[in-house]
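Here is the structure we will look at.
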Amino acid sequence: MPTLSISKASDEITKMHSYIKENFNYTMTLFRPPMGEFSERTLALVQSLKYRSVFWSFAYVDWDPQKQMGSDKAYKKVVGSLHNGAIYLLHAVSKDNAEILGSFIDKAKEEGYEFARLS
C-alpha cells in the first residue's frame with residue numbers, strides 16, 4: 001500500500017469493500033495492510049474511509065500452499081506463541097491451518113484464553 005498513489009490505494013480498498021458487500025452481504029470495517037506494510041498517509045487514508053487498521057502479533061510463513069511445514073510443527077508454532085491480546089494472522093490457503101485450527105482453539109481455551117471479536 002505505501003508504494004501506491006492515494007487514488008490507487010483508495011480504489012483498491014473501495015473495490016474490495018464493494019466486492020465483499022455484493023458477494024457476501026458483509027460490510028467491512030477493519031483493514032489489514034497487505035504484508036503489514038503501511039505509511040502515515042495510508043493509515044490516514046484507511047481512517048478517512050472509516051476503517052480501523054488492524055495489525056497482528058503473530059504470523060508465520062503459511063501463505064504458500066506449496067510450502068507447508070506440516071500440521072504437527074504448525075500446531076506447536078501457533079500454540080507456543082499464545083499470549084494475552086494476541087492477534088493471529090493465519091492464511092486460509094494453508095492446509096496446516098485448516099488441520100490444526102480446531103485443536104488450536106481448544107488448546108487456547110483450555111489454557112484460559114478467550115476469543116473476542118475485533119470491532
Check residues 78-93 and write down every donor-acceptor pair under 3.5 Å in which the side-chain atom is one partner and the other belongs to a residue at least two apart or another chain.
residue, atom, partner, partner atom, Å
S81, OG, K77, O, 3.1
H83, ND1, S81, O, 2.8
H83, NE2, S57, OG, 3.1
Y88, OH, V78, O, 2.5
Y88, OH, S81, O, 3.4
Y88, OH, L82, N, 3.2
H91, ND1, D62, OD1, 2.6

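- The NZ atom of K73 sits 10.5 Å away from atom CG of D96, with the distance rounded to the nearest 0.5 Å.
- Side-chain atoms of S53 and Q47 include no donor-acceptor pair closer than 3.5 Å.
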Donor-acceptor contacts, no H, no angles, side chain residues 98-117, under 3.5 Å, sequence neighbours left out:
residue, atom, partner, partner atom, Å
E99, OE1, S71, OG, 3.3
E99, OE2, K95, NZ, 3.4

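- Cluster annotation: L30 is connected to W56 through the hydrophobic network of ILVMFWY side chains, with a link wherever side-chain heavy atoms come within less than 4.5 Å.
- Evaluation of the side chain to side chain donor-acceptor pair (under 3.5 Å) test over residues 1-14, restricted to residues two or more places apart or in two chains, returns D11-K15.
- Minimum heavy-atom separation, M1 to P34: CG-CD, 3.8 Å.
- Shown here is M69, whose CE atom has more than 12 heavy atoms of other residues, nucleotides or ligands within 6.0 Å.
- Linking Ile, Leu, Val, Met, Phe, Trp and Tyr whenever their side-chain heavy atoms come within less than 4.5 Å puts L4 and I6 in one cluster.
- Using a 4.5 Å cut-off between side-chain heavy atoms of Ile, Leu, Val, Met, Phe, Trp and Tyr, with links allowed through other members, V54 and Y26 fall into different hydrophobic clusters.
- The hydrophobic clustering, which links ILVMFWY residues whose side-chain heavy atoms are closer than 4.5 Å, places I13 and F24 together.
- A distance of 9.0 Å separates CG of L43 from CZ of F31, quoted to the nearest 0.5 Å.
- Contact detail for G36 and F38: the closest heavy-atom pair is O-CD2, 3.3 Å.
- Of all heavy-atom pairs spanning Q68 and P65, the tightest one is CG-O, 3.5 Å.
- Around atom OH of Y19, no more than 12 heavy atoms belonging to other residues, nucleotides or ligands sit under 6.0 Å away.
- Among residue pairs with one or both ends in residues 39-51, none qualify as salt bridge (charged side-chain N to carboxylate O under 4.0 Å, His left out); sequence neighbours excluded.
- Under the side-chain hydrogen bond (donor to acceptor under 3.5 Å, both in side chains) criterion, S39 pairs with T42, sequence neighbours left out.
- Nearest heavy atoms, A74 versus Y60: CB-OH, 3.4 Å.
- Under the side-chain hydrogen bond (donor to acceptor under 3.5 Å, both in side chains) criterion, Y51 pairs with H17, not counting sequence neighbours.
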